[in-house]
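Just the heavy atoms: all of them, side chains too, but no hydrogens, waters or symmetry mates, feed the values below. For clarity, every value in this text was computed on a predicted model and none was experimentally measured. For reference, positions follow the sequence shown, starting with 1.
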Amino acid sequence: MAASAELVNLPHALTEMLVKQRADYERAVRAIRWGESPVWAVGSPQSLPAAETLRHGFEELLNRTVLVADADSFADSASTMLRPGSVVVIFPDARAPAHDLARLARKRGAQVLLAGGRPDSQATETAVPDAQAPLTLPLPAAGAAVEGGIGGACLQHAAAAQLALICARQMARPQARLERLESDWRDLPSHLDRLLSQLNDGVVALGRALESLSPVLLVGGGHYGPAVRRASAEVRQRTGRLAIGLEFADFGAGWVDVITAQSAVLVVCGSTGRAAKLSVDLAGSVKARGCPLFVLTGSNHYDLIRQGRLSLILP
């Protein structure tokens with residue numbers, strides 16, 4: 001499926017996930033004994049950014065740490081890392097041996113949830129008669145055709161975020177912030193539908209501006225970090241271009257000293273919070289090196305928008 005078709009399909013797929021499948025998420029959260037046990041998020045190299053999204057969600061909404069591990073290192077170290085009652089959330093993809101990891105974790109007494117796999121795969125069967133089978137949350141049927149591509153990546157991130165939000169709703173005290181997030185979450189499919197039509201010309205212009213620049217560094221603040229890492233992987237896979245996804249801290253730890261006028265930096269962040277403040281300083285450092293700066297942020301982040309050679313504005 002072409003990338004453009006995958007994206008056109010996304011609002012419908014998100015509606016199915018956020019509305020029709022919400023009850024499945026709520027049941028899964030209630031079925032797990034969260035307690036004070038460690039929570040692990042495990043993914044393959046392809047799905048690891050979705051595991052990072054879950055970590056950001058738990059830290060922000062529940063003030064609770066999630067330990068992130070790639071599938072290979074988790075399999076090698078599970079016998080020493082896990083203890084009875086641990087919660088393991090596995091983000092499968094077409095290449096990850098999700099059921100092998102699930103069996104390994106359950107042998108150690110862990111509770112296992114498979115999140116965001118294919119609806120037709122063994123790893124995400126929804127009606128398994130085996131009482132020992134892990135809990136499963138498949139991607140929506142509407143997104144089956146995009147699993148493994150851009151659409152599948154977006155849906156996995158949405159699955160991670162929805163899981164974190166529902167955990168917060170069920171385990172945290174009622175608060176106005178969660179009510180606002182719920183409202184924004186319900187509107188996400190319609191916002192995405194509008195974005196796909198409004199940002200098309202800007203995305204085309206950005207692509208043209210980046211054609212002669214290399215490497216392209218995608219730098220994400222806060223919970224945008226996992227998204228830029230997955231986006232950079234998609235760029236490398238689809239175009240063969242040298243694209244690198246970094247969080248703010250990683251960029252400041254050495255990359256800022258090697259960028260040149262032939263490089264490009266795309267800063268992705270929200271318009272509020274600590275990451276928004278850090279992005280302004282980061283932008284200044286990039287421009288001081290003579291490196292072209294591009295921006296993807298919210299419409300209120302004026303201090304960052306005005307520094308970009310080209311800025312894409314989110315609603």
I'd like to check [X] versus [Y] (side-chain heavy atoms, cut-off strictly below 4.5 Å). Are they in contact?
X: Thr272; Y: Asn300; result: no
X: Thr297; Y: Ser279; result: no
X: Leu199; Y: Leu314; result: yes
X: Gln307; Y: Val280; result: yes
X: Lys20; Y: Pro140; result: no
X: Ile166; Y: Arg22; result: yes

Report yes or no: do [X] and [Y] belong to one cluster of Ile/Leu/Val/Met/Phe/Trp/Tyr joined by side chain heavy-atom distances under 4.5 Å?
X: Tyr25; Y: Val19; result: no
X: Val268; Y: Val203; result: yes
X: Leu195; Y: Leu218; result: yes
X: Leu178; Y: Leu54; result: yes
X: Leu192; Y: Leu312; result: no

Inter- and intrachain pairs under salt bridge (Lys or Arg N to Asp or Glu O under 4.0 Å), touching residues 285-308, at least two apart: Asp303-Arg306
Pair listing, salt bridge (Lys or Arg N to Asp or Glu O under 4.0 Å) test, anchored in residues 241-259, at least two apart: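 Those involving residues 241-259 are Arg229-Glu247.
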Short N-O contact, Glu234 and Arg238, less than 4.0 angstrom: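 Looking at Glu234 and Arg238, the cut-off is met.
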Which heavy atom in [X] sits nearest to a heavy atom in [Y], and how many Å separate them?
X: Leu82; Y: Ala110; result: CD1-CB, 4.2 Å
X: Ala102; Y: Ile90; result: N-CD1, 3.7 Å
X: Phe294; Y: Ala264; result: CE1-CB, 4.0 Å
X: Ala28; Y: Leu135; result: O-CD1, 3.8 Å
X: Pro92; Y: Gln156; result: O-NE2, 2.7 Å
X: Leu61; Y: Ala168; result: CB-CB, 3.8 Å

For [X], what are the other residues in its hydrophobic cluster, where any two members join if their side-chain heavy atoms are less than 4.5 angstrom apart?
X: Leu293; value: Leu217, Val219, Leu242, Ile244, Leu246, Phe248, Phe251, Trp255, Val256, Val258, Ile259, Val265, Val267, Leu278, Leu282, Val286, Val295, Leu304
X: Val204; value: none
X: Val235; value: none
X: Ile313; value: Ile305

Nearest 0.5 Å, what's the [atom1]-[atom2] distance between [X] and [Y]?
X: Leu310; Y: Leu266; atom1: CG; atom2: CG; value: 9.5 Å
X: Glu60; Y: Leu181; atom1: CD; atom2: CG; value: 7.0 Å
X: Cys167; Y: Leu165; atom1: SG; atom2: CG; value: 9.0 Å
X: Glu52; Y: Phe91; atom1: CD; atom2: CZ; value: 10.5 Å
X: Leu296; Y: Leu206; atom1: CG; atom2: CG; value: 8.5 Å
X: Ser271; Y: Tyr302; atom1: OG; atom2: OH; value: 9.0 Å

Excluding sequence neighbours, so at least two apart, what forms side-chain contact (heavy atoms from CB on, under 4.5 Å) with [X]?
X: Ser77; result: Thr80, Met81
X: Thr260; result: Gln262, Ser263
X: Val87; result: Ile32, Trp34, Val39, Val89, Gln111
X: Ala276; result: His301

Pairs where residues 157-177 contributes a residue and the test side-chain hydrogen bond (donor to acceptor under 3.5 Å, both in side chains) is met, not counting sequence neighbours: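 Listed by first then second residue: Thr53-His157, Gln162-Trp185, Arg169-Glu179, Arg169-Glu182.
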Residue pairs fulfilling side-chain hydrogen bond (donor to acceptor under 3.5 Å, both in side chains) with at least one residue in residues 201-226, sequence neighbours excluded: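 Pairs touching residues 201-226 that pass the test: none.
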Backbone of Val66 reached by a side-chain donor or acceptor of Arg55 within 3.5 Å: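 Checking the backbone N and O of Val66 against the side chain of Arg55, no donor-acceptor pair under 3.5 Å is found.
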Atom CZ of Arg274: over 12 foreign heavy atoms under 6.0 Å: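 It does not: Arg274 CZ has 12 such atoms or fewer within range.
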Asp70 vs Ser73, side chain to side chain donor-acceptor pair (under 3.5 Å): CA-CA, chis, key distance, verdict: CA-CA 6 Å; Asp70 67 82; Ser73 64; 3.0 Å; yes
Audit row: Leu10, Leu155, side chain to side chain contact (heavy atoms under 4.5 Å, CB included) steps and yes/no: CA-CA 8 Å; Leu10 267 177; Leu155 291 174; 3.9 Å; yes
